[in-house]
Colleague: 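Have a look at the structure that comes next, please.
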Amino acid sequence: MTDHSNSSGAPTDLAGRAEEVVVGKGIVKRWGSVTALSGATFTIHRGVTGLLGTNGAGKTTLLGMMLGLHRPTEGSLEVLGLDPVRAGAAVRERVGYSPEHHTLPADTTAQDLVRHIAEVHGLPHREATGRASDALWQVGLGEERFRPIGTMSTGQRQRVKLAQAIAHDPQLVLLDEPTDGLDPVQRDDMLALIKRVGTEFGIDIILSSHLLEEVERVCDNAVIIAGGEVVASGPISELTGADRGLLVEVDDRAPALIVALRAGGAEVSIDGSRLVVTRSGGSADDELYDIVRDALVESGAGLRRLTNRTVSLEDVFLEVGT
Amino acid sequence: MTAVARGWGFDGPEPVWPIEVSGASKWFGDLVAVSDVSFRVGQGVTALLGPNGAGKSTMLRMLCGLTAPARGTVRILGGDPRRDLGLTRRIGLVPQQEVVFESLTAFEFVRLAGVLQGLDDPDAAAVRALGIVEMPVDDARPTSTYSKGMRQRVKVAQAIVHDPDVIVLDEPLTGLDPRQRLHMIHLFQRLGDDGKCVIVSSHVLDEVERFGSRVLVMVQGRLAAEGDFRAIRELMDDRPHRIRIRSDRPRAISSGLLDRGVVMGVQLEGADAAVVETDNVGHFRQAVADVARQVGAHLYEVSPLDDDLESVFRYLVGR
Amino acid sequence: MTSSDPSIGAPASSGTGAARILERGYRSYDGPRLGARGAMRSLVRHSVQRVLGLKRTFWNKILPFGAIFIAYVPAIAFVGIAALLKERFARNGVDINQVIPSYAEFYLFVWAAILVFAALAAPEVLCTDRRSGMLGLYLASPLNRDTYLVAKATAVAFVLSLVTLGPPLFMLIARTIAGVGPDGFGAFIGVLWRVVVGGVIVAALPGALSLAIASTTTRRAAASAAFILVTIGSAVVSETLVNSGASASLFVINLPYLPLELVGRLYGEPAGFVSSSSINTSTTTMVVAYLVITLGCAAFVRFRYQSIRVTR
Amino acid sequence: MIDSAPPPPPPPPPPPPAESGWLTAADSSDRPSTPGAFAALYRLMLATQVSKARVLSLGAMGLVAVLVGFAIGRADVFDPVRDGTRFINGLGLSVLVPVATLVFASASLGELNEDSTLVYLWLRPVARWKIVGAAALASFTVTWPLVTIPLVIAAALTGAGGSLVVGTVAGVTISMVGYIGLFVALGLRVKRALPWGLLYILIWEGFVANGNATAARLAVRSYGRSTLSAITGVSLRLAEISAPWRWAMPFVVAFVALAYATRRLSRQDVA
């Protein structure tokens, strides 16, 4: 493991970067009659943070405000210790951004594009060329970096977008739907890459996405926006994981199993093809596991899956984001 | 939810399949998009999966008659979608591209579809379709100002306004947030339960698992697998099942399973977990609870590691 | 991952003695950052390269270099004539300055090249960024909408100066060397500042107009065509109106001839030097009109770019 | 490659239409064609074709025509009828009418094809000739006023009197019918219709068909010219096509072109 500590909070030997990456207090934003944000207060810490919200909940507006592109109607926002409205250029110099759309100049090569974006972020010409080449290797683009972007697949295009966001060594990278349009295999590779950037590279990431399963897999913490306000935020381990009994899936003989379980004193309800087994107290203590085990033996049902029924990020999102 | 295909084994006259493709091939210049694909799709929800560029969109376009197969035949409800114009009354398509008529509002766009379908009361049909996709009927803003999610729902509304029997959807879930996606999935399930034939192409596999379990997997223009994805997993007999067991005494359970010859290999993970490999998953499922009770161990978790659709997909794509 | 320079001090990773395995992970950058000004410089360089077709296929080089060729050939030819045939003309009593055009008249030769470059440059630097999504990336960098536009305008000005400043300067220097130019340092400076100011006059209006048109659409071809149509259209309309008796000051809406007439008066040419319709239009009205049109176009571009919403 | 599992037992045939699912089944008996479809298509095509950029650029061209008409009227060196007719024929029939029609008609179906919204009209039980017909009619409805009004004002300004005005309207209308057919079909046939259309106007009509009388019959412009010169009595070059053909041929050209467009629309691949 490199000697670079990641988001464990201990100040790193790099210029002692602050623990809070983005701090928002009572942010309000109105586009004419439409209120995009109505008093969002949150703190985003180092590491990989998922930004979640229903369509039109103000996610894209918030990303734009972090880059200093829009001015908050009320409230204050601080990115990397700076005010993006006044010190916009200084903030944007230290931040990488990968937009939601896939359109990139078709007749430019990936190497030229990434180098140009690095230069525009303040790197001298020679360093920009070197770092662009490094960044493209890191995202897994070999010789196809010298082909025009127009000839690249969606998967390669998403990698180019990520490379141009990290080439100028930003402290923070904003990714807007980075896996949009990718098939499952490409998606996994991209998520693994994002995880590496957030941990090995030591660059903090804010990932805006609709796919909760992705956020759960890659992010350390999450901020959920609904109706223009931050309705939940914090480490994902704290948001989810609350225990709500057991989930049992069986091949066959489900009715017999249900009878056996109820005989053993557990409560059973059906969620689609799965059985939800709980004790009156709701928590899954050893006794409940044994009841399930014995009921399975008794009913002779083939056990396909037995897991704790924990609160998923989707449950949090649906309950909170009313 | 395992989609129990309604009314299997109906013994009426030679049954007409909603979708029947035999030996279909299609190429653009020397790029072979679809090569010799044959399958049948009945009522209920079927997911069409495959990596980018596998020929999914081309296949869906052939199903709707938007393009003709170079070889082989495509039959929708017994007819040829390319020739029989009347068939379009019973087909609904949600295309992949985002663009709709910019100057029209949602209601006007869906109502236009109703008029062109020759409905008796296009207004009522449009109101009903927009209601189903949870879109306001009186929104005066043109579709050009809509977000991706709203535009997607309007596209679904125009596809169901004439109550078609076959509904084809090309990646309908992109751009929808979790709530809208859940709602759309329930809609597909309702349409499927109602006897419609719904074929959906999608990349979000854990969502597809919620549609139902019947899948068609296309890889490099060819059909790689067809049927209930769990059944497909069973057929993948050249790959042992790997199952993770969490217990207070994982070693005892593992050795118990080994003694019964149900398990081929064991890999201990930390103090409370073990990953076992078995080539006869049926026996394993019967034995695991029994062995746990025999050795008096608490059985905290039993979760297959490669039983989900994603591993089936990776297996088929990786071959 | 920070790694001090591997060759100095403790090696970046494990291994003692002769051999070591180096960490090839991500290297952070601690060097100087050039801020918004550096960003503008690189944007100018990038834009100029795109207009001239450098780093792009051969086809993209034809129009720009063709225009440059058209602009420099007359300059070279006239200087050659002046230097080589001066004696022969002098012998049979012909003053060399009758043969080769004055500085003001010279612009009539390169006017086609200037229009082509103006029609080509602005759409290339503005339209492609919006169509290719690059504007979103630029605005997420230390640039903002104003510094972005200043950089783009500088790029267009530089490209236009290749054909408006270059050839006359070339001709002035060559004529002086050939001994037919202005004599004495004072006179040389006198002509030099006129060449520079003349170059700016001939470049600013077409450049600003082309930028304004390019800011309204994302399609390059449409913007270039529109620029040429507007330029020629304004000339036709102005000529018809003035000739059919409308007020003389309507000459000022003749966009192609207005800059040329101003340059003519700068060099002391008689009024009506470009076309008869400008004879009774006073210089001041022309200067005022020139400024109004140029600054108007610039303000229009800035207004358009203020209202473009990049992150939806 | 795993051999595919034995096909599951065949499902039942689709429910007979009468049985109502949770959506009341619409009456899906095969009526010959759908009532009101043509009107709906026509309204849609009108909305999609009128774009600010097109109307502005055509308005500017119309303005130039009015200006020239004004100049001819004011300057006494011109003979209003003769020079007025020549000007209407030169700028109006040869440039304004073909270019304006090209801009609108080629975009009517071409643009739907390009931004892939055609599927929402094509995948319907609607006869293909209705789609093509609606597009042509919409193009005509938009282009005709935009071209005729400025030319009529210009004709009036020249002071040549009623005959030139009537001649202008007749000539413009006749040639526009031919152009509409051609350019709607062109918009469907080629991806970038504007350059090809301009080539037809400048090279074919402007140069090739100018050779002699028989060649002139191959250009739509000649029919408009003949009509104009017949009404104003001013003889124009290559404008001697006799009465019945003069106004009949453009309709024939339009009909053939739209028939070709209909066949192509029904056979083409749709995005």
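Values reported hereafter were calculated over all heavy atoms of this structure, with side chains retained and with hydrogens, waters and symmetry mates removed. Here is how names work: the chains are called A, B, and so on, in the same order as the sequence lines, proteins then strands, and each is numbered from 1.
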Colleague: Taking side chain as everything from C-beta outward and backbone as N, CA, C, O, which of these in D:Leu121 sits under 4.5 Å from a heavy atom of chain B? Side chain, backbone, both or neither.
Modeller: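 Both backbone and side chain.
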Colleague: Any salt bridge linking B:Asp228 with B:Arg233? Criterion: basic side-chain nitrogen under 4.0 Å from a carboxylate oxygen.
Modeller: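 No, no charged N to carboxylate O under 4.0 Å.
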Colleague: Tell me yes or no: between the side chains of D:Glu205 and D:Tyr200, is some donor less than 3.5 Å from an acceptor?
Modeller: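 Yes.
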Colleague: Dump the intermediate steps for side chain to side chain contact (heavy atoms under 4.5 Å, CB included) on D:Leu102 and D:Leu186, then the final yes or no.
Modeller: CA-CA 9 Å; D:Leu102 171 65; D:Leu186 182 70; 4.2 Å; yes
Colleague: Report, in residue-number order, which members of residues 56-65 of chain B are under 4.5 Å from chain D by heavy-atom distance.
Modeller: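 Interface residues of residues 56-65 of chain B: B:Arg61, B:Cys64, B:Gly65.
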Colleague: Centres of the D:Tyr120 and B:Phe109 rings: under 6.0 Å?
Modeller: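 Ring centroids of D:Tyr120 and B:Phe109 are less than 6.0 Å from each other.
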Colleague: Apply side chain to side chain contact (heavy atoms under 4.5 Å, CB included) to B:Leu31 and B:Lys26, showing your working.
Modeller: CA-CA 9 Å; B:Leu31 161 74; B:Lys26 178 78 184 179; over 6 Å; no
Colleague: Identify whether NZ of Lys or CZ of Arg in D:Arg263 sits under 6.0 Å from the centre of the six-membered ring of D:Trp129 and within 45° of that ring's axis.
Modeller: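 Geometry flag: not set, cation outside 6.0 Å or 45°.
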Colleague: Measuring heavy-atom distances to chain D, does B:Ala68 have an atom under 4.5 Å in its side chain, in its backbone, in both, or in neither?
Modeller: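 Contact with chain D involves the backbone of B:Ala68 alone.
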Colleague: Can you tell me which of B:Ala113, B:Gly227, B:Ser103 forms the most heavy-atom pairs within a distance under 4.5 Å of chain D?
Modeller: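 Among the listed options, the one with the most contacts to chain D is B:Ala113.
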Colleague: Tell me, for B:Leu87 versus chain D, whether the close heavy atoms (under 4.5 Å) come from the side chain, the backbone, both or neither.
Modeller: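 Neither; nothing under 4.5 Å.
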Colleague: So, applying side-chain contact (heavy atoms from CB on, under 4.5 Å) with B:Leu169, which one of B:Val94, B:Val45, B:Leu93 is it?
Modeller: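 Output: one option passes, namely B:Val94.
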Colleague: So what's closer than 4.5 Å to chain D heavy atoms on B:Leu112: side chain, backbone, both or neither?
Modeller: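 Just its side chain gets close to chain D.
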Colleague: Under the rule for side-chain contact (heavy atoms from CB on, under 4.5 Å), what residues qualify as partners of D:Val256, not counting sequence neighbours?
Modeller: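 D:Val256: side-chain contact (heavy atoms from CB on, under 4.5 Å) contacts with D:Val252.
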Colleague: I need the residue from D:Ser116, D:Ala40, D:Ser266 with the largest number of non-hydrogen atom pairs under 4.5 Å to chain B.
Modeller: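 Result: the option with the highest number of such pairs is D:Ser116.
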Colleague: Within the supplied structure, the quantity of interest is the number of heavy atoms (other residues, nucleotides, ligands) at a distance under 6.0 Å from D:Trp196 CH2; does it exceed 12?
Modeller: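 Not buried by this count: 12 neighbours or fewer within 6.0 Å.
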